[in-house]
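Single-structure report; data block below.
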Amino acid sequence: MGKKVAVVLAGCGVYDGSEVHESSAVLVHLSREGAQAEVYAPDVDQMHVVDHTKGQPTQEKRNVLVESARIARGNIKDLATLDVKGLDALIIPGGFGVAKNLSTWATQGKNCIISKEVEDVLKAFHAARKPIGLCCISPVLAAKIFPGCELTVGHDTECEKWPYAKTAETMKELGCKHVNKHVTEIHVDMKNKLVTTSAFMCNAPIHEVYDGIGKMVKEVVRLA
């Protein structure tokens, strides 16, 4: 039997949910590794809805679970029902939904609050010594919950290639060790069983993002 891996989504779309290409890459690479993905999302309203053609918020209201079901092709469960006992690992793709719907990082940075359901799930996998894979912005969740952990969100010096590098500095302020890595690389914190990669934190070709996520998924499955 292949490993069973929980994939937690935060909506559908880079600006207000889970990044679609990252989420799809996680599911494709899990399938390639012979692992079974179980997709979850919290049954809560999105912080807001963004018109992705304009990058501007709208007056619309949408539900995180309902929107995430688009990526999961309808095969999704309420995060409140997740039982760590039947699962071997956890992966959370990135996208602004992580910083808006799973936490308040988008508005409060290092002073953010993480959704109780999300925090409970992360702590449960960590306590069970089961691996956790995080990419793009989602490593900030571990930075907030597991002080002293080692993570990467890419590079810590802002430039055209790394437009979100200040995130690394903020994570360091939370007491984490940030390790600079290229988009096709991963960092593994063996003590905490955390596997991270930068994905779209880097202004890189999509195939490089895809390859980095593949290495992350492969290592998570191996550690499981």
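Excluded from the calculations below are hydrogen atoms, water molecules and symmetry mates; all remaining heavy atoms, backbone and side chain alike, are included.
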Query raised in the report: Does the pair Lys144 and Leu174 meet the rule for a side-chain contact (heavy atoms from CB on, under 4.5 Å), with working shown?
Result: CA-CA 7 Å; Lys144 185 72 179 178; Leu174 285 168; 4.3 Å; yes

Query raised in the report: Checking side-chain contact (heavy atoms from CB on, under 4.5 Å) for the pair Val50/Gln56: CA distance, chi angles, key distance, verdict?
Result: CA-CA 5 Å; Val50 173; Gln56 298 293 325; 5.8 Å; no

Requested in this report: Decide side-chain contact (heavy atoms from CB on, under 4.5 Å) for Val217 and Val28; before the verdict, give the C-alpha distance in whole Å, the side-chain angles of both, and the deciding distance to 0.1 Å.
Outcome: CA-CA 10 Å; Val217 169; Val28 169; over 6 Å; no

Requested in this report: Starting from the C-alpha separation in whole Å, work towards a yes-or-no answer on side-chain contact (heavy atoms from CB on, under 4.5 Å) for Arg62 and Asp45.
Outcome: CA-CA 6 Å; Arg62 294 193 188 185; Asp45 286 339; over 6 Å; no

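Sorted by first and then second residue, the pairs that involve residues 123-179 and meet ring pair (Phe, Tyr, Trp, His ring centres under 6.0 Å), not counting sequence neighbours, are His126-Phe146, His155-Trp162.
Atom CG in Leu141 sits 5.5 Å away from atom OG in Ser103 (nearest 0.5 Å). Taking OG1 of Thr196 as the start and CD1 of Ile92 as the end, the distance is 12.5 Å to the nearest 0.5 Å. Taking OG1 of Thr81 as the start and CD of Glu117 as the end, the distance is 9.0 Å to the nearest 0.5 Å. To the nearest 0.5 Å, atoms NE2 (His187) and SG (Cys149) are separated by 9.0 Å. Atom CG in Leu79 sits 8.0 Å away from atom CG in Leu102 (nearest 0.5 Å). Remark: Glu33 CD to Arg222 CZ distance equals 11.5 Å, nearest 0.5 Å.
In summary, Glu38 and Lys4 engage in a salt bridge, as defined by a charged side-chain N under 4.0 Å from a carboxylate O. Between Lys116 and Glu119 there is no salt bridge, since none of the side-chain N atoms of the basic residue sits less than 4.0 Å from a carboxylate O of the acidic one. Between Asp156 and Lys172, at least one side-chain nitrogen of the basic residue sits less than 4.0 Å from a carboxylate oxygen of the acidic one, meeting the salt-bridge criterion. A salt bridge is absent between Lys191 and Asp189; no separation between the charged side-chain nitrogens and carboxylate oxygens falls under 4.0 Å.
At least one side-chain heavy atom of Lys161 sits less than 4.5 Å from a side-chain heavy atom of Cys202.
Each of Thr197, Asp211, Leu134, Val221 was scored for a side-chain contact (heavy atoms from CB on, under 4.5 Å) with Met216, with one residue passing: Thr197. Checking each of Val121, Val5, Leu82 against Leu87 for a side-chain contact (heavy atoms from CB on, under 4.5 Å) leaves exactly one that passes, namely Leu82.
Looking at His48 and Lys100, their side chains do bring a donor and an acceptor atom within 3.5 Å of each other.
Counting all heavy atoms, side chain and backbone alike, Pro42 lies closest to Leu9 at CD-O, 3.6 Å. Trp105 and Ile137 get closest at one heavy-atom pair: NE1-CD1, 4.2 Å. Closest non-hydrogen pair, Met171 versus Ala143, comes out as CG-CB, 3.9 Å. Contact between Phe96 and Asp16 at its shortest, heavy atoms only, is CB-N, 4.3 Å. Residues Ala165 and Thr157 come closest through the heavy atom pair CB-C, 3.4 Å. Contact between Ile76 and Ala41 at its shortest, heavy atoms only, is CD1-CB, 3.9 Å.
Judged by distance alone, with hydrogens and angles left aside, the side-chain atoms of Ser24 form no donor-acceptor pair with the main-chain N or O of Val20 at under 3.5 Å. A donor-acceptor pair is defined here as one N or O able to donate and one able to accept, closer than 3.5 Å; such a pair exists between the side chain of Ser18 and the backbone of Ala10. With hydrogens and angles disregarded, a donor-acceptor distance shorter than 3.5 Å links the side chain of Thr104 to the backbone of Ile113. Under the 3.5 Å distance criterion, the side-chain polar atoms of Glu22 are matched with a main-chain donor or acceptor of Gly94. Side-chain atoms of Asn192 do not come within 3.5 Å of backbone N or O of Leu194 as any donor-acceptor pair. Remark: the backbone N or O of His182 is paired with a side-chain donor or acceptor of Glu185 at under 3.5 angstrom. Side chain of Lys215 to main chain of Thr184: a donor-acceptor pair is present (N/O by atom type, distance under 3.5 Å, no hydrogens or angles).
At most 12 non-hydrogen atoms from other residues, nucleotides or ligands lie less than 6.0 angstrom from CG of Asn75. When the shell of 6.0 Å around CZ of Arg129 is examined, it contains more than 12 heavy atoms from other residues, nucleotides or ligands. For Tyr15, the OH atom counts as loosely surrounded, since its 6.0 Å shell holds 12 or fewer non-hydrogen atoms of other residues, nucleotides or ligands.
Following chains of ILVMFWY side-chain contacts shorter than 4.5 Å, one cannot reach Val84 starting from Leu223, and the two form parts of different hydrophobic clusters. Placement of Ile91 and Ile114 in two distinct hydrophobic clusters is found when ILVMFWY residues are connected by side-chain heavy-atom separations under 4.5 Å, directly or transitively. In the hydrophobic cluster analysis, where Ile, Leu, Val, Met, Phe, Trp and Tyr join through side-chain heavy atoms closer than 4.5 angstrom, Val7 is grouped apart from Leu122. Linking Ile, Leu, Val, Met, Phe, Trp and Tyr whenever their side-chain heavy atoms come within less than 4.5 Å puts Val39 and Ile71 in one cluster. Transitive grouping of hydrophobic side chains (ILVMFWY, heavy atoms separated by less than 4.5 Å) brings Met190 and Ile186 into a common cluster.
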